[in-house]
Amino acid sequence: MTSPTTNRRAQLLQAATQDTLWDVLVIGGGASGLGAALEAATRGYRTLLLEAHDYAKGTSSRSTKLVHGGVRYLAQGNVSLVREALHERGLLKKNAPHLVHDLGFLIASYTWWSKPFYGIGLKMYDALAGKLNLKSSRLIGRKEALTLAPTLKQDRLSGGVLYFDGQFDDSRLAITLLRTFEDYGGVALNAAPVVGLSKAGGKVSGATFKDSETGREYAVRARTVINATGVFVDSLRQMDDAGAKPMLSPSQGVHVVVDRRFLPGNSALMVPRTDDGRVLFAVPWHDHVVIGTTDTAVPEVSLEPRALPEEIEFILQTAAQYLDPAPTRADVRSVYVGLRPLVKAAEGSDTKALSRDHVIRISESGLLTLTGGKWTTYRRMGEDAVNRAADLAGLPPRLSLTPGLPLHGWSQADVADHWKVYGTDAASIQALDGGKTLLHPELPYSEAEVRWAARMEQARTVEDVLARRLRALLLNARASREAAPRTAALLAEELGHDAAWQAEQVRVYQELAAGYMLPG
Ligand SMILES: Cc1cc2nc3c(=O)[nH]c(=O)nc-3n(C[C@H](O)[C@H](O)[C@H](O)COP(=O)(O)OP(=O)(O)OC[C@H]3O[C@@H](n4cnc5c(N)ncnc54)[C@H](O)[C@@H]3O)c2cc1C
């Protein structure tokens, strides 16, 4: 069976593999790779991006959903990192108002010293944002604190400090970067893992990738190759040089998602110092609350990392110190885990001390590895990487356009939360077949969004749709499992698949989603 959307994949494959010498090949379709690819394409370099699984399948769909300078890094004295991230926060808000909005964060005060202490620190945070600051931070009294966060524990509460940061939808930003990249003539392919690098005269000259849907392998040539594979950068570095020593020391961060009734106001909570010396956030997001995170060193990287029981306990216990009522295990709708690509420091140091800054490393053969950093600074990471890559490959130097580049769908329209992420595309989606039919009664999504994801956003599987085009997996893992059969049927219609394909998709998805639910 063929359909217009099947043909679209064939066209993309053909565009990727036609006998072309690409200026830039980017490997990895997370924040770093998409940022670098968009940077290259907007400078007019012919750019190909290859993603092994799906855009934002890795860490980039598993963040705390903050566009932030990082109050924590300020406490560590890392002023330049915070200043850069606050600048990027301001640019992203201007360039993607449909995906980023301001959010108030409350640090609740239960001791005499905490208000002035955090109040002064946050004035510095405001100042570092310069002209791009959001609203200024301020001290607030008990009554206002309880208006902003009515479920705060009241005993000994004296008010707190309110400051502002940005909030976003991470995988929707990834898809928006993909669409913008395509708008500028870039070619991107998912389900296309790079399985080898090719060399000419000792220099990296391209790569071999596999089309996961057919098993067929293709070779592509490029003047410069950027390795932006997140926690997998070391395996690419070892394809380049079998003896390359690992540069990452990954750690995992767990979030739990609960109903909005546990934090019903319009503000997030920030706990600046948990019992293990970290920060913890409780953030309203798509009519739910995301609570996290942890920082646990992991010996091995995996595509689907799992939370440890003690990480869940830690999050729920810390939340219970501040919230009344506090969520219990039975209230958890979803648990998701992301891996931080932390760049190694000296032997034996703990992961909280490792570099959160981004790092560019160039191997002897010219493979450029881009890693570290955070979602907030993806644009700056891309700019730095493409400056270096252009220099390496002798591409004509060109100025970066991304600081002022509106992203696909740019819109300031004030529309309902879940349509907002589509920006100007929302009306076209609503006009499709199923625009008014809910995919599942407990999820906000319509059937038309599945069709759109397949036609316009390269969704290939039930997981691509329910985990990253829509956020059903993160908002309510159980409901997302129930939505899988209908999603598979819609996708099969769009992509030209049969009943056996649907059954297999449902089986695979339900197994995956079970890993996001808490047992018992
Ligand atoms: C728990 C947690 C919370 C966070 N919260 C925030 C936050 O609130 N705000 C913020 O700004 N930042 C946050 N971050 C940081 C941010 O999420 C990451 O820095 C960012 O997502 C990393 O993106 P990446 O592209 O480098 O990696 P990834 O997103 O992991 O992307 C790498 C991609 O490479 C692909 N790949 C791997 N191997 C191959 C191959 N052989 N061929 C082709 N493709 C391949 C993978 O499939 C993957 O899609 C958080 C991080 C964590 C872990």
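These values consider heavy atoms only, across backbone and side chains, with no hydrogens, waters or symmetry-generated copies. Just follow the structure's listing: the first ligand is 1, and inside any ligand the first atom is 1.
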Report task. Can you label the angle between the F105 ring and the F281 ring as parallel, tilted or perpendicular, going by 30° and 60°? Result -> perpendicular
Query raised in the report: When you check the side-chain N and O atoms of D240 and S365, is any donor under 3.5 Å from an acceptor?
Result: yes
Query raised in the report: Under 3.5 Å, is there a donor-acceptor pair between the side chain of W410 and the main chain of K94?
Result: yes
Report summary line: By chain and number, the residues contacting ligand 1 below 4.0 angstrom (heavy atoms only) are I27, G28, G29, G30, A31, S32, L50, E51, A52, H53, D54, G58, T59, S60, R62, S63, T64, K65, L66, H68, P193, V194, A228, T229, G230, F232, L236, G253, H255, T293, G338, L339, R340, G373, K374, W375, T376
Report task. May I have all residue pairs that pass salt bridge (Lys or Arg N to Asp or Glu O under 4.0 Å) and include part of residues 384-393, sequence neighbours excluded? Result -> R380-D384
Report task. Can you establish whether the number of heavy atoms outside K135 located under 6.0 Å from its atom NZ is more than 12? Result -> no
Query raised in the report: Does the ring center of Y45 lie less than 6.0 Å from the ring center of W22?
Result: no
